[in-house]
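All of these numbers come straight from a predicted model, not from anything done at the bench.
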Amino acid sequence: MPPGAVAPAASWPLVGRGRELDLLTLSLGTRRGRGGGAVLVGPPGVGKTRLAAEARALATRNGWVCLQAVPSVGAATIPLGALASVVGAAAEGGG
């Protein structure tokens with residue numbers, strides 16, 4: 001990495017969000033031995049993406065297959081359009 005560059009946020013330790021991460025991993029089912037799900041909502045900039053990345057990494061390390069739905073501008077006009085990529089991946093055997 002060039003001098004003065006900042007490391008990507010996903011490589012930084014998650015600090016001060018232990019309770020939220022515990023609740024999220026519990027709802028995902030990683031502690032009960034079965035699948036689950038979660039939806040993270042909140043205003044922009046509160047750390048939803050970072051929290052989701054940490055939970056996904058934890059679940060993956062524990063052998064879970066994780067799919068992430070990320071909306072696009074085009075998908076925003078279609079009801080549940082953000083889930084199109086996830087449904088497509090699941091239909092192809094990805095989850």
Side-chain angles (χ1 to χ4, degrees):
M1 188 172 342
V6 177
S11 65
W12 296 351
L14 187 66
V15 177
R17 300 295 292 271
R19 181 171 184 250
E20 291 89 348
L21 184 59
D22 286 345
L23 290 170
L24 183 54
T25 57
L26 182 64
S27 70
L28 292 174
T30 58
R31 294 187 185 166
R32 296 179 303 217
R34 63 178 193 256
V39 175
L40 301 178
V41 296
V46 297
K48 298 179 301 289
T49 301
R50 179 65 182 95
L51 183 61
E54 190 70 22
R56 183 177 181 172
L58 179 64
T60 302
R61 284 193 302 271
N62 287 322
W64 290 83
V65 174
C66 299
L67 301 175
Q68 182 177 359
V70 180
S72 67
V73 174
T77 63
I78 304 167
L80 302 175
L83 300 177
S85 63
V86 173
V87 172
E92 294 171 8

Asker: Would you compute the distance between atom CG of Leu21 and atom CD of Glu54 and round it to the nearest 0.5 angstrom?
Answerer: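 Between atom CG of Leu21 and atom CD of Glu54 there are 6.0 Å.
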Asker: When you compare the side chain of Asp22 with that of Arg19, does any pair of heavy atoms fall below 4.5 Å?
Answerer: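 When only atoms from C-beta onward are counted, Asp22 and Arg19 do not touch, as no gap falls below 4.5 Å.
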Asker: Which other residues end up in the same hydrophobic cluster as Val41, if Ile, Leu, Val, Met, Phe, Trp and Tyr are linked when side-chain heavy atoms come under 4.5 Å apart?
Answerer: Val39
Asker: Could I get the full list of side chain to side chain contact (heavy atoms under 4.5 Å, CB included) partners for Thr60, not counting sequence neighbours?
Answerer: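 Here the qualifying residues are Arg56, Cys66.
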Asker: Could you list the donor-acceptor pairs under 3.5 angstrom formed by side chains in residues 72-82, with sequence neighbours left out?
Answerer:
residue : atom : partner : partner atom : Å
Ser72   : OG   : Ala75   : N            : 3.1
Thr77   : OG1  : Gly74   : O            : 2.9

Asker: What's the separation between atom CG in Leu40 and atom CZ in Arg50, rounded to the nearest 0.5 Å?
Answerer: 13.0 Å
Asker: Give the intermediate values and the outcome of side-chain contact (heavy atoms from CB on, under 4.5 Å) for residues Leu51 and Lys48.
Answerer: CA-CA 5 Å; Leu51 183 61; Lys48 298 179 301 289; 5.9 Å; no
